[in-house]
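The chain is numbered in sequence order, starting from 1. The figures that follow rest on heavy atoms only: side chains count, while hydrogens, waters and symmetry mates do not.
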Amino acid sequence: MIRRYVFGNPIETEAVLRKPKAEQWEGDEQVLAFEANQTGFTCKLEQEDIVYGLGENVRGINKRGWIYVSHCSDNPNHQEDTRSLYGAHNFLIVSGKRNLGIFVDTPEQVIFDVGYTRPELLSVSMDSGNYELYLIEEASAEAVVQEFRRLIGQSYLPPKWAFGYGQSRWSYRTSEEVRQVARRFRENHLPLDMIYLDIDYMERYKDFTIDRERFPDFELLVEELKEQKIHLVPIIDGGVKVEAGYDVYEEGVKNGYFCKDEDGENFTLGVWPGKCHYPDMLNDEARLWFGRKYRFLLDKGIDGFWNDMNEPAIFYSEKHLKKVFEQLEEYRGQNLDICSFFEFCGLVQGISNNEEDYRSFYHNYRGERIRHDRVHNLFGYYMTRSASEAFEELEPGRRILLFSRASYIGMHRYGGIWMGDNKSWWSHLKMNLQMLPSLNMCGFLYTGADLGGFGSDATRDLVLRWTALGIFMPLLRNHSADGTRRQEPYAFGKGTEDFRGLIGLRYRLLPYLYSEFMKAALKNGMYARPLGFVWPEDPVARHTEDQLLIGESIMIAPVCEQNAIGRSVYLPEEMKLLRFRGTELTEERVLMRGLHFIETALDEVTIYLWKDHALPLAAGGETVEAVDWRKLALLRFGEAAAYELYDDDGMDSGVKLEGHLFPVQS
Ligand code: MIG
């Protein structure tokens, strides 16, 4: 059952498509009390309650015991105590004796204190108190998710090839370097469907341009790679460079499409290209205009994009920077003591993503001038929507790969997300695993992490273990930052075959993973579930934080620690262990319910098949297109176990389940 309440005068987000009629708030036994000033609410937590949700965030699958702030933030250095990441996903589920879904719909910053201040209390607050509240009560957490997802609409569908392996790096700087990456993959028989282009393909970081010195033959490159079934996926940044003669800049200025400062001037800030303006993605006309710009690359044969820096990130604003320079002057010649020295440092450190800057520019949203901080969490969402709506206009009915860094619920209809800048840390590997189901709850199905870690130097074992998890994520991409150790599968010298095996297994699993993804998208279901969703009565299963159910047939238990020879795996019921050494199935063994230590070498993956379920396996391939979807082996646990496969042409964005489900015979 869904109930909707409106407090104050909330700004529309278009997260919810069909709103139920608002009810008068009359209290609720679980939602205990509203603050007198209506800036939020509290909800009592029982000892046994688990709090699921909050999408892209730090910490566990169970969000209890921390405080989270919904505020899209560019934070490549996030750690356990970080409160905000790239997305703002205000949906959570209190799951215990009853299952209560809570969605707080507002584009402003929201604070979720999940038993941080008081262990028995969930307390949600925000500045203005303008928000819509949805309460969803169902018999199970999964049913809550389904109801919620129905409310917010169907998740984005990527093309089938986007389930292949993607190689990325900031940056592959020339056509030649890109060709070399392709060559090395093909030489080593490493499967590959995508190579990503980071900012250096652009002419001085200008959106919708190509650096012709480094990519003189861009069109030819796209063509050549297409022949090898490799898609080139360029990055698009949120900021438009201020430069006379640059068409995007000129048009934006002429038509008033950029965000404005207090005085009505175009708001100037610094990001990659130096001084920039942000297009007003919230303005319908500007959004349409910006989206149509993607055509520049579509016309060159590009069919996939990633949208970056759209929290939006601000290195500096022109005005604030000027002020800081002046303030720094005051410290010249001073004897800097503990206080003044740290003040001095703070001046510079506080330049990026400064809250004051976010309060100093304006949007024209639905005909109203609105200060940015009041709609902050919508920017990345509307940028991605901009591209998606243009694709629908330019290439109707065709799926285009699109994913974003920043997001808000609602954006899940227009694109996927990647999990932002992580680090080559074992703790981030585990955190990315834990994000996956939380994101699914919020509608983000097409998602994945930078495998091997973006920042910091990776080690071979870390990249292997991360890949062993990544092959179960819909978005499978190895990406790393400029200046870090190379982490392509062939970068570690000997032992490339270990990577070939793991990625190869992904291609054997493709029909299953794609089928489960599409079923989840078309039925508003979960692709990756926490164990507690299926065994809510089993306290150990409920509190298992590092195993996931992927689709209807299997459980995974990735190794998340360095130098481990395996790990303890909890089976809530009897299951069949499937051990793969690379692509080869080397062991099938039925395991009893309970805790088991399962050895898993660096080149191995273990999968746990549920009783009376089956897992279809393809022969594999080096591209998605090469995988034979019709010749599938069926691994069963139980004589009668069967599998119904979803399949389609992988390109049509308007597909339905009907007509696409096939029994797998073998
Ligand atoms: O400030 O384009 O998250 O994936 O490689 C860094 C360069 C800007 C941040 C993205 C990352 C990308 C990087 N970008």
Quiz prompt | Note: Arg500-Glu497 ion pair, threshold 4.0 Å (strictly below) | solution = no
Quiz item: Who are the ring pair (Phe, Tyr, Trp, His ring centres under 6.0 Å) partners of Trp629, not counting sequence neighbours?
Solution: none
Quiz prompt | Side-chain donor-acceptor pair present, Asn422, Asn432, cut-off under 3.5 Å | solution = yes
Quiz prompt | Residues which pass side-chain contact (heavy atoms from CB on, under 4.5 Å) with Ser553, listed by chain and number, not counting sequence neighbours | solution = Tyr512, Leu609, His613, Tyr643
Quiz prompt | salt bridge (Lys or Arg N to Asp or Glu O under 4.0 Å) contacts touching residues 460-474 (sequence neighbours left out) | solution = Arg460-Asp498
Practice problem: Report yes if the side chains of Ile417 and Tyr86 come closer than 4.5 Å at any heavy-atom pair, otherwise no. | Solution: no
Quiz item: Going by the side chain to side chain donor-acceptor pair (under 3.5 Å) test, which pairs reach into residues 436-449, not counting sequence neighbours?
Solution: none
Quiz item: If you measure from NZ on Lys63 to CD1 on Ile93, what distance do you get to the nearest 0.5 Å?
Solution: 12.5 Å
Quiz item: On the ring face of Phe580, is Arg508 found with NZ or CZ under 6.0 Å from the centre and within 45° of the axis?
Solution: no
Exercise. Could you tell me which non-hydrogen atom of Gly153 sits nearest to which non-hydrogen atom of Leu17, and how far apart they are?
Key: CA-CD1, 3.8 Å
Quiz item: Parallel, tilted or perpendicular for Tyr646 and Tyr514, by the 30°/60° rule?
Solution: tilted
Quiz item: Just how far is it from atom CG of Leu661 to atom OG of Ser515, taken to the nearest 0.5 Å?
Solution: 7.5 Å
Practice problem: Output every pair passing salt bridge (Lys or Arg N to Asp or Glu O under 4.0 Å) with a member in residues 435-456, not counting sequence neighbours, ordered by first then second residue. | Solution: Asp450-Arg477
Quiz item: Does some side-chain heavy atom of Asn57 sit less than 4.5 Å from a side-chain heavy atom of Met435?
Solution: no
Quiz item: Any side-chain heavy atom of Ser424 within less than 4.5 Å of one from Gln487?
Solution: yes
Quiz item: Do Thr384 and Ser404 have a side chain donor and acceptor closer than 3.5 Å?
Solution: yes
Practice problem: List in chain and number order the residues that pass ring pair (Phe, Tyr, Trp, His ring centres under 6.0 Å) with Phe637, two or more places apart in sequence or in another chain; answer none if no residue qualifies. | Solution: none
Self-check item: Distance-only side-chain donor-acceptor flag, His89 / Ser407, under 3.5 Å
Solution: yes
Quiz item: Do Tyr52 and Arg64 have side-chain N/O donor and acceptor atoms under 3.5 Å apart?
Solution: no
Self-check item: Those residues that, when tested against Arg4, pass side-chain contact (heavy atoms from CB on, under 4.5 Å) (two or more places apart)
Solution: Val6, Lys19, Pro20, Ala22, Glu132, Tyr134
Quiz item: So do the side chains of Cys442 and Glu56 get within less than 4.5 Å of each other, counting heavy atoms only?
Solution: no
Quiz item: Can you list every pair that meets side chain to side chain donor-acceptor pair (under 3.5 Å) and has a residue in residues 594-603, with sequence neighbours left out?
Solution: Arg581-Asp603
Exercise. State which residues pass side-chain contact (heavy atoms from CB on, under 4.5 Å) with Ala143; sequence neighbours excluded, sorted by chain then number.
Key: Glu138, Ser140
Quiz item: Quick one: do Arg98 and Glu137 make a salt bridge, cutoff under 4.0 Å?
Solution: yes
Quiz item: Does a donor on one side chain and an acceptor on the other come within less than 3.5 Å for Tyr507 and Asp193?
Solution: yes
Quiz prompt | Ring-ring centroid check Tyr68 Phe112, cutoff 6.0 Å | solution = no
Quiz prompt | Residues that Phe454 engages under ring pair (Phe, Tyr, Trp, His ring centres under 6.0 Å), provided they are two or more places apart | solution = His479
Practice problem: Please say which of Tyr408, Phe148, Phe444 ends up in a ring-ring contact (aromatic ring centres under 6.0 Å, His included) with Phe91. | Solution: Phe148
Quiz item: Hey, does Phe492 have a side-chain heavy atom less than 4.5 Å from the side chain of Val463?
Solution: yes
Quiz item: Do Phe472 and Arg506 come close enough that some side-chain heavy atom pair is under 4.5 Å?
Solution: no
Quiz prompt | Within residues 569-579 or reaching into it, pairs that qualify as side chain to side chain donor-acceptor pair (under 3.5 Å) - sequence neighbours excluded | solution = Trp535-Glu573, Asp538-Tyr570, Glu574-Lys611, Lys576-Glu588, Arg579-Glu587, Arg579-Glu604
Quiz item: Between Arg529 and Glu142, is there a salt bridge with N-O shorter than 4.0 Å?
Solution: yes
Exercise. Apply side chain to side chain contact (heavy atoms under 4.5 Å, CB included) to the pair Val534 and Trp610, showing each step before the final yes or no.
Key: CA-CA 12 Å; Val534 177; Trp610 297 20; 3.7 Å; yes
Quiz item: Please, which pairs that meet salt bridge (Lys or Arg N to Asp or Glu O under 4.0 Å) have at least one residue in residues 408-428, sequence neighbours excluded?
Solution: Arg405-Asp421
Quiz item: With distance as the sole criterion, is a donor-acceptor pair present between the side chains of Thr13 and Asp105 under 3.5 Å?
Solution: yes
Quiz prompt | Pair Asp113 + Arg83, salt bridge at N-O below 4.0 Å | solution = no
Quiz item: Looking at Lys44 and Glu46, does any basic side-chain N land under 4.0 Å from a carboxylate oxygen?
Solution: yes
Quiz item: Got a salt bridge between Glu644 and Lys519, using NZ or NE/NH1/NH2 to carboxylate O under 4.0 Å?
Solution: no
Self-check item: Arg593 (side chain) donor-acceptor with Pro572 (main chain) under 3.5 angstrom
Solution: yes
Quiz item: What is the distance from atom CG of Leu522 to atom CZ of Phe517, rounded to the nearest 0.5 Å?
Solution: 9.0 Å
Self-check item: Smallest separation among heavy atoms of Tyr156 and Gly416, with atom names
Solution: CD2-N, 3.5 Å
Quiz item: Would you say the side chain of Leu462 lies within less than 4.5 Å of the side chain of Leu429, judging by non-hydrogen atoms?
Solution: yes
Quiz item: Name the one of Arg630, Lys160, His660 that satisfies side-chain hydrogen bond (donor to acceptor under 3.5 Å, both in side chains) with Asp647?
Solution: Lys160
